[in-house]
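Only one structure is covered here, and it is reproduced in the block below.
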Amino acid sequence: MKKSPNLIFHILFLLLLISPSVFSWKKDEFRNCNQTPFCKRARSRKPGACNLIATEVSISDDGDLIAKLIPKTQENNESQDAPVEVDSKPLLLTVSVYQDGILRLKIDEEQSLNPPKKRFEVPDVILDEFLSKKLYLQWLSEEKIDNDLGFSSVVYLDGDYEGVLRHDPFEVFVRERGNGKRVLSINSNGLFDFEQLREKKEGDDWEERFRSHTDTTPYGPQSISFDVSFFGADIVSGIPEHATSLALKPTSGPGVEDGFSEPYRLFNLDVFEYIDESPFGLYGSIPFMISHGKARGSSGFFWLNAAEMQIDVFGTGWNAGQDKIMMPVDEKRIDTLWMSEAGVVDAFFFVGPGPKDVIRQYTSVTGRPAMPQLFSTAYHQCRWNYRDEEDVFDVDSKFDEHDIPYDVLWLDIDHTDGRRYFTWDKVLFPNPEEMQNKLAAKGRHMVTIVDPHIKRDDNYYIHKEASDNGYYIKDASNRDFDGWCWSGSSSYTDMVNPHIRSWWADKFSYGNYVGSTPSLYVWNDMNEPSVFNGPELTMPRDALHFGGIEHRELHNVYGYYFHMATSNGLVKRGNGKDRPFVLSRAFFPGTQRYGAVWTGDNTAEWEHLRVSVPMLLTLGLTGISFSGADVGGFFGNPEPDLLVRWYQLGAYYPFFRAHAHQDTKRREPWLFGERNTELIREAIHTRYMFLPYFYTLFREANMTGTPVIRPLWMEFPAEEETFSNDEAFMVGNSLLVQGVYTQRAKHVSVYLPGEQSWYDLRSGAAYKGGKRHKFEALEDSVPAFQRAGTIIPRKDRFRRSSTQMGTDPYTLVIALNSSKEAEGELYIDDGKSFEFENGAYIHRHFKFSNGKLTSSNAAPSGAGGNKFSTDCTVERIILLGLSPAPKSALIEPANQKVGIEMGPLTIRHGNSPSFLTIRKPKVRIEDDWTIKIL
Ligand SMILES: *[C@@H]1O[C@H](CO)[C@@H](O)[C@H](O)[C@H]1NC(C)=O
Ligand SMILES: *[C@@H]1O[C@H](CO)[C@@H](O)[C@H](O)[C@H]1NC(C)=O
Ligand SMILES: *[C@@H]1O[C@H](CO)[C@@H](O)[C@H](O)[C@H]1NC(C)=O
């Protein structure tokens, strides 16, 4: 940090006086690997330490490959006289195969041997639909690999891949059929270890202490660790949430950078003022890693486990000189080490081979992102706190005065009566319904915060019901867990119990949530859960949940359940008609089905603007497409230059919200002088202009899992130059955006991939792909380009909110490539209900070739009985890259001729260069038509 320690001390002291929490990254609050016994043990293991072999291999009645893992002993060691392993029972291994080449590996203790307790397996994440895609194995073949003395069992995955269980030494991998090249493997470095539960013996000391906290650890050590290798990989990515680069840096072995000697931690934590380059674990956890390489493409590995996890990425050459590794040493690969405190092995191997294939495969297991309501894809205005109704109306009307659209106004914790959620402060917000209705009249919505800490106050109905019914999480001595959070002494409802989730969901009915209206939506904060006086600011690991499950076993999934229950509540309140909107800070695999997430409490610094891009790209790669970072930075006061650059970049985040801490200066868009107001207005307008394109991308994510914003390498997988680029990103397949990350930047260097050109969004100028360009940094926008060969739908008229744009006409921007062709799509529905699932939507495909633009239906025929219809027309078609200039165009089937004139690229920029424009073709967006250039 650049501030003097003295100043920091003073600020800290001041903050401590006014708040119950600590407002600076305090490393000492959190455990490192050395202070985390399971992590320390796992990290100190040497390659080849695993002595397990697979025996009794067979196909089960359920069509799985099953085997027992037992330690190699004198009897079964083919080279004789080995030590006899004590205190270790056989483990049960199951390999199942699912459609799309997915291999699932489970390893657990054998229940028939009566372990002290059943280990926790995470329910409610894997889709039933996925389970129904299981392929029942009929047979397996045996073969000898390398110089093995024993056999390996081989199963069919799909036409191109096979799964292999090597018996001795035990290893599981996926390989290409035919050439036998490995794709992904587990235990190739022999680091597998499974600490089996055992009865406590005299003298065993299982307690773990950290700072002033003691974890009773009643079941003792039960961790699992293993190595995973990604073959042909140049980079690995994923495993959010960390504030770090998209391509994960090594944390062990050669090439470890300063600050990266800890493993990537996955443990949902409320980290005040997190730092921007660190493997430290933040608010959410997704144990899914995706690899990418020029030679083969992508593969993915997912471990469904909700306990604390730590993951090392090894630098190349980490195991040099080790003779116990079993794989071909000459192959390019990245090795990783996965360590978890508890649970079972439930791992999924995804073969790709393209990046989009891996995400399709991963989201076929954990679910595709929900389709959001249209309004929630527009701009959100938030602050801790809009003080009272007057403040709300003032902010609302100033947006109109300054001609800036926005869709949602947010209320943070202080809108409530003493931080009792579902209530309103009667003095500050006496008429909440009227307030919401006033905003709703302009097509605007409200979001209120609902956190999981429930104030322990007998006069508070939520607390009363929860405590009377025994709905709270229990502490280690089986009393209601009582911790400190925003509401003071608080308890936490046990969302793991479906009955309690259903009770919670009912609290959102209009009758129960007094003062709520249909235009009110919800925000779940602090759901890691945050406990100010708990170990590492969270719940003790020995707290107890429904079914006797220890908090340590499911910590990372708690916030997911809370988000799920809230989201279900919003569906329920409207009798299942409207799509919910719930923003969550904590997340887990599957969160994409319940709503959006944001990257938590970032800081108003350039580095935080910069790191928001890899953070959001990583979330997208791991299924969570609808994500954003607080525009402006939550902590601190951004200088105007930073704030403007943040809006310009944030306009392309999938979730676009400005937010600020209560101690920061007010920073609504019009508070920084006329020029800055103009620049911010421009940035927000850009988002509204592209809403039809964004909404189409949200639908693509909903159908396929492909994220709204993407690393360049997802669209240009063979271009090595893109692999480490996380300053720029693709919005869909058609737009490339590059942030400006330094103060008063003069120039920006942008790498434009591919063989085709790119059209600057502002000037319309074409730039060659496949090279790096140096651009002047313009004040009024960040560099953004439309890829040649694409068609982007826009709405160029500006209203107060997205809702008011409903019937506005469209603009189509056609960017031609070298073969004078382009294509694109547009998805439209009512923006609100679930009717689109019954076919009530419009999906158009636009194609320009041979001098003719054709609009055709892209919806599958018979896509449900319902219809969605709109009178929207196309008002402008802009043609980039067409020469010589044609004079007119013929519209079919109307058989009508229209003139082609020169017009500006965006209507706001009358002085920008002119481009060929077909004005008022007046074709209806939902019809089939062609426009032939004459
Ligand atoms: C098997 O026996 C060989 C030869 O004595 C020995 O070197 C090796 O360590 C033994 N392996 C195991 C796993 O015990
Ligand atoms: C798309 O979103 C809807 C609404 O959120 C959801 O019900 C549906 O399951 C999603 N589609 C797929 C293919 O998962
Ligand atoms: C131009 O774009 C069209 C439509 O996207 C595509 O089919 C065609 O292959 C592209 N041509 C070249 C040379 O890339």
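For ligands, and for the atoms within them, numbers begin at 1 and follow the listed sequence. For this chain, numbers begin at 1 and follow the sequence in order. No hydrogens, no waters, no symmetry mates; every other heavy atom, side chains included, goes into these values.
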**Q.** Short N or O distance, Ser818 and ligand 3, threshold 3.5 Å exclusive
**A.** no

Q) Does the distance from a Lys or Arg side-chain N to an Asp or Glu carboxylate O, for Glu715 and Arg787, drop under 4.0 Å? A) yes

Q) Do Glu700 and Arg710 meet the salt-bridge criterion of a basic N to acidic O distance under 4.0 Å? A)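 Between Glu700 and Arg710 there is a salt bridge, with a charged N closer than 4.0 Å to a carboxylate O.
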
**Q.** Phe836 neighbourhood, listing ligand 2 atoms whose heavy-atom distance to it stays under 4.0 Å
**A.** 2 (O), 3 (C), 4 (C)

Q. Which of the atoms of ligand 2 are close to Ala370, meaning less than 4.0 Å from one of its heavy atoms?
A. 2 (O), 5 (O)

Residue and atom name of the nearest protein heavy atom (relative to [atom]), distance in Å to one decimal:
atom                    : result
atom 3 (C) of ligand 3  : Asn817 ND2, 3.5 Å
atom 7 (O) of ligand 3  : Lys847 NZ, 3.9 Å
atom 14 (O) of ligand 3 : Gln756 NE2, 3.3 Å
atom 9 (O) of ligand 3  : Glu821 OE1, 4.6 Å
atom 4 (C) of ligand 3  : Glu823 OE2, 3.5 Å
atom 13 (C) of ligand 2 : Asn702 O, 3.3 Å

Q: Verify salt bridge (charged side-chain N to carboxylate O under 4.0 Å, His left out) between Asp830 and Lys832, making sure each step is shown before the conclusion.
A: CA-CA 5 Å; Asp830 66 13; Lys832 199 170 163 52; over 6 Å; no

Q: Look at atom 8 (C) of ligand 2 and find which of Arg368, Glu837, Met371 reaches it with the closest heavy atom.
A: Glu837

Q: Of all the heavy-atom pairs spanning Trp598 and Leu583, show the shortest one and how long it is.
A: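 Closest pair (atom of Trp598, atom of Leu583, distance): CE3-CD2, 3.4 Å.
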
Q | Verdict with reasoning, Tyr98 to Phe348, per ring pair (Phe, Tyr, Trp, His ring centres under 6.0 Å) | A | CA-CA 10 Å; Tyr98 295 81; Phe348 298 77; 7.1 Å; no

Q | Element-labelled atoms of ligand 3 that are located less than 4.0 Å from some non-hydrogen atom of Ser819 | A | 1 (C), 10 (C), 11 (N), 12 (C), 13 (C)

Q) Looking at Gly789, which atoms of ligand 3 are within less than 4.0 Å of one of its heavy atoms? A)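 Answer for ligand 3: 2 (O), 4 (C), 5 (O).
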
Q: Using only heavy-atom distances, determine whether the side chains of Gln756 and Ser818 contain a donor-acceptor pair under 3.5 Å.
A: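 There is such a pair between these side chains.
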
Q | Member of Tyr653, Phe581, Phe656 meeting the ring pair (Phe, Tyr, Trp, His ring centres under 6.0 Å) criterion with His380 | A | Phe581

**Q.** Check against side chain to side chain contact (heavy atoms under 4.5 Å, CB included), Leu304 and Phe588
**A.** CA-CA 10 Å; Leu304 178 57; Phe588 194 70; 3.9 Å; yes

